[in-house]
Novice: 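Got a structure for you, written out below as structure tokens; questions coming shortly.
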Amino acid sequence: MSDDTPLQVGATARPVQLSPCVGGVVRTWTDDGTTGVWSSPQATWLADVQGTGWIGRTQREERRYREAALLSDDGALVVRGRYPLAGQGGTTSMEASVLALEPARAPTGDVMADLRALLARAVRHCVASGEFLVVERGGWDAPQEPFCLFALVEGPREGRVSVVETAPDPTESPIWAPHVVPGRPSQTLSAPASDRTVDVVPVLVLEAITRWGLQPWDLALTFGQR
């Protein structure tokens with residue numbers, strides 16, 4: 001993408017957490033509780049790199065991290081990579097792209113299809129990196145519920161197991177409802193890990209999170225290490 005965006009010399013910026021960028025819209029949260037909802041001409045680029053492990057992160061709590069960027073006071077979002085690039089003479093640099101922000105317009109396209117594609121990328125990234133994924137409320141002081149977690153764990157006999165755990169109970173979901181056990185603090189679906197069972201994880205997650213009464217831009221993806 002082009003970096004020819006209006007980031008002015010001398011502009012100040014502060015760290016922000018990012019919501020899923022879907023329908024051309026993204027939400028940001030600063031640590032003082034300020035939030036904003038934005039559109040961007042470069043929204044497609046941001047959507048394509050979210051969930052892949054490229055974007056720099058901020059700590060949510062111990063061993064849990066969220067994608068983050070820098071929000072400037074002149075209407076730009078600086079999205080940096082996670083890892084430094086080696087240069088000549090032992091120097092290093094950070095790869096970054098600058099996105100122009102505008103007040104949010106109505107979402108475009110199929111928002112749920114965008115969210116499912118983002119979840120699929122995030123799940124595949126976690127399979128490759130050994131991380132787990134939690135979809136939960138965005139914001140620096142977000143509560144522990146609702147949540148929906150995906151992880152691969154080692155089973156006692158069957159090798160790796162794909163696990164999706166969620167709370168509150170997704171009783172209105174035709175997929176989850178037959179497996180809900182009343183009284184449990186959270187509900188879990190699991191199966192031996194395979195391409196097929198991993199591919200169905202975004203569907204299970206969507207079935208849970210769409211029962212929360214939240215918009216996709218109220219959410220954040222948290223990546224963790226056990």
Side-chain angles (χ1 to χ4, degrees), residues 1-82 94-109 111-112 114-115 118-119 121-122 133-149 168 205 209-210 212-224:
M1 61 170 286
S2 171
D3 289 340
D4 187 18
T5 52
L7 181 63
Q8 302 299 320
V9 175
T12 60
R14 49 185 175 173
V16 290
Q17 292 183 9
L18 302 175
S19 77
C21 182
V22 295
V25 176
V26 65
R27 185 173 180 178
T28 60
W29 294 271
T30 62
D31 59 3
D32 66 359
T34 303
T35 185
V37 185
W38 316 93
S39 294
S40 173
Q42 296 88 24
T44 298
W45 176 86
L46 178 59
D48 287 345
V49 298
Q50 280 193 307
T52 65
W54 183 86
I55 295 177
R57 298 175 178 177
T58 187
Q59 189 169 18
R60 158 81 159 130
E61 56 188 63
E62 187 176 2
R63 302 177 71 84
R64 293 193 177 201
Y65 306 89
R66 287 183 175 172
E67 293 177 330
L70 295 173
L71 178 65
S72 78
D73 55 10
D74 58 358
L77 189 69
V78 182
V79 183
R80 299 189 295 185
R82 287 178 64 197
M94 296 297 296
E95 189 175 5
S97 292
V98 183
L99 286 69
L101 297 179
E102 305 167 351
R105 300 185 301 271
T108 59
V111 170
M112 286 299 105
D114 287 354
L115 184 55
L118 172 53
L119 291 172
R121 288 194 300 274
L133 171 70
V134 184
V135 184
E136 53 190 348
R137 281 185 181 268
W140 296 80
D141 297 316
Q144 296 297 319
E145 285 191 18
F147 76 89
C148 190
L149 173 145
V205 174
I209 67 179
T210 54
W212 296 346
L214 302 175
Q215 296 294 322
W217 311 280
D218 298 326
L219 306 173
L221 306 184
T222 301
F223 298 88

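Only a predicted model underlies this, so the values are computations on that prediction, with no experimental measurement involved.
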Novice: Apply salt bridge (charged side-chain N to carboxylate O under 4.0 Å, His left out) to E67 and list each qualifying residue two or more places apart in sequence or on a separate chain.
Specialist: none

Novice: Identify the two heavy atoms, one from L101 and one from L71, that lie closest to each other, and give their separation to 0.1 Å.
Specialist: CD1-CD1, 3.3 Å

Novice: Apply side chain to side chain contact (heavy atoms under 4.5 Å, CB included) to residues E136 and R60 and explain how you reach the verdict.
Specialist: CA-CA 11 Å; E136 53 190 348; R60 158 81 159 130; 3.4 Å; yes

Novice: T34: what forms a side-chain contact (heavy atoms from CB on, under 4.5 Å) with it, not counting sequence neighbours?
Specialist: R14, T30, D32

Novice: Just how far is it from atom OG1 of T222 to atom CD of Q17, taken to the nearest 0.5 Å?
Specialist: 7.5 Å

Novice: If I compare all heavy atoms of P216 with all of V22, which pair ends up nearest, and what's the gap?
Specialist: CB-CG2, 3.7 Å

Novice: Who passes salt bridge (charged side-chain N to carboxylate O under 4.0 Å, His left out) against R121, sequence neighbours left out?
Specialist: none

Novice: Looking at every non-hydrogen atom in both residues, tell me the closest pair between P20 and L118 and how far apart they are.
Specialist: CB-CD2, 3.4 Å

Novice: Counting N and O atoms only, with roles assigned by atom type, does the side chain of T35 sit under 3.5 Å from a partner on the main chain of T28, one being a donor and the other an acceptor?
Specialist: yes

Novice: Mark yes when over 12 heavy atoms from residues, nucleotides or ligands other than Q59 sit less than 6.0 Å from its CD; otherwise mark no.
Specialist: yes

Novice: Could you give the distance from CG (L99) to OG (S72), rounded to the nearest 0.5 Å?
Specialist: 11.0 Å

Novice: For R82 and I55, which heavy atoms make the closest approach, and how far apart are they?
Specialist: CG-O, 2.7 Å

Novice: Output yes when a side-chain donor or acceptor of W29 lies under 3.5 Å from a complementary backbone atom of W140, and no otherwise.
Specialist: no

Novice: Walk me through it: do T58 and R66 pass the test side chain to side chain donor-acceptor pair (under 3.5 Å)?
Specialist: CA-CA 5 Å; T58 187; R66 287 183 175 172; over 6 Å; no

Novice: Using the test salt bridge (charged side-chain N to carboxylate O under 4.0 Å, His left out), find all partners of E102 that sit at least two apart in sequence or belong to another chain.
Specialist: R105

Novice: Could you tell me whether the side chain of L77 reaches within less than 4.5 Å of the side chain of V16, counting heavy atoms only?
Specialist: yes

Novice: Would you say the side chain of F223 lies within less than 4.5 Å of the side chain of L133, judging by non-hydrogen atoms?
Specialist: yes

Novice: Using ring-ring contact (aromatic ring centres under 6.0 Å, His included) as the criterion, list what pairs up with W54, not counting sequence neighbours.
Specialist: W45

Novice: What pairs with F147 under ring-ring contact (aromatic ring centres under 6.0 Å, His included), at least two apart in sequence or on another chain?
Specialist: none

Novice: Counting only N and O atoms by type, is there a donor-acceptor contact under 3.5 Å from the side chain of W212 to the main-chain atoms of P146?
Specialist: no

Novice: Mind listing the closest non-hydrogen atom pair of A100 and S40 along with its distance?
Specialist: O-OG, 2.7 Å

Novice: With side chain to side chain donor-acceptor pair (under 3.5 Å) as the criterion, how do Q42 and S97 come out once you've worked through the C-alpha distance, each side chain's angles and the decisive distance to 0.1 Å?
Specialist: CA-CA 10 Å; Q42 296 88 24; S97 292; over 6 Å; no

Novice: Pair L221, L119 - check side chain to side chain contact (heavy atoms under 4.5 Å, CB included), show working.
Specialist: CA-CA 9 Å; L221 306 184; L119 291 172; 4.1 Å; yes

Novice: Might you point out which heavy atoms bring C21 and A43 nearest each other, and give the distance in Å?
Specialist: SG-O, 3.6 Å

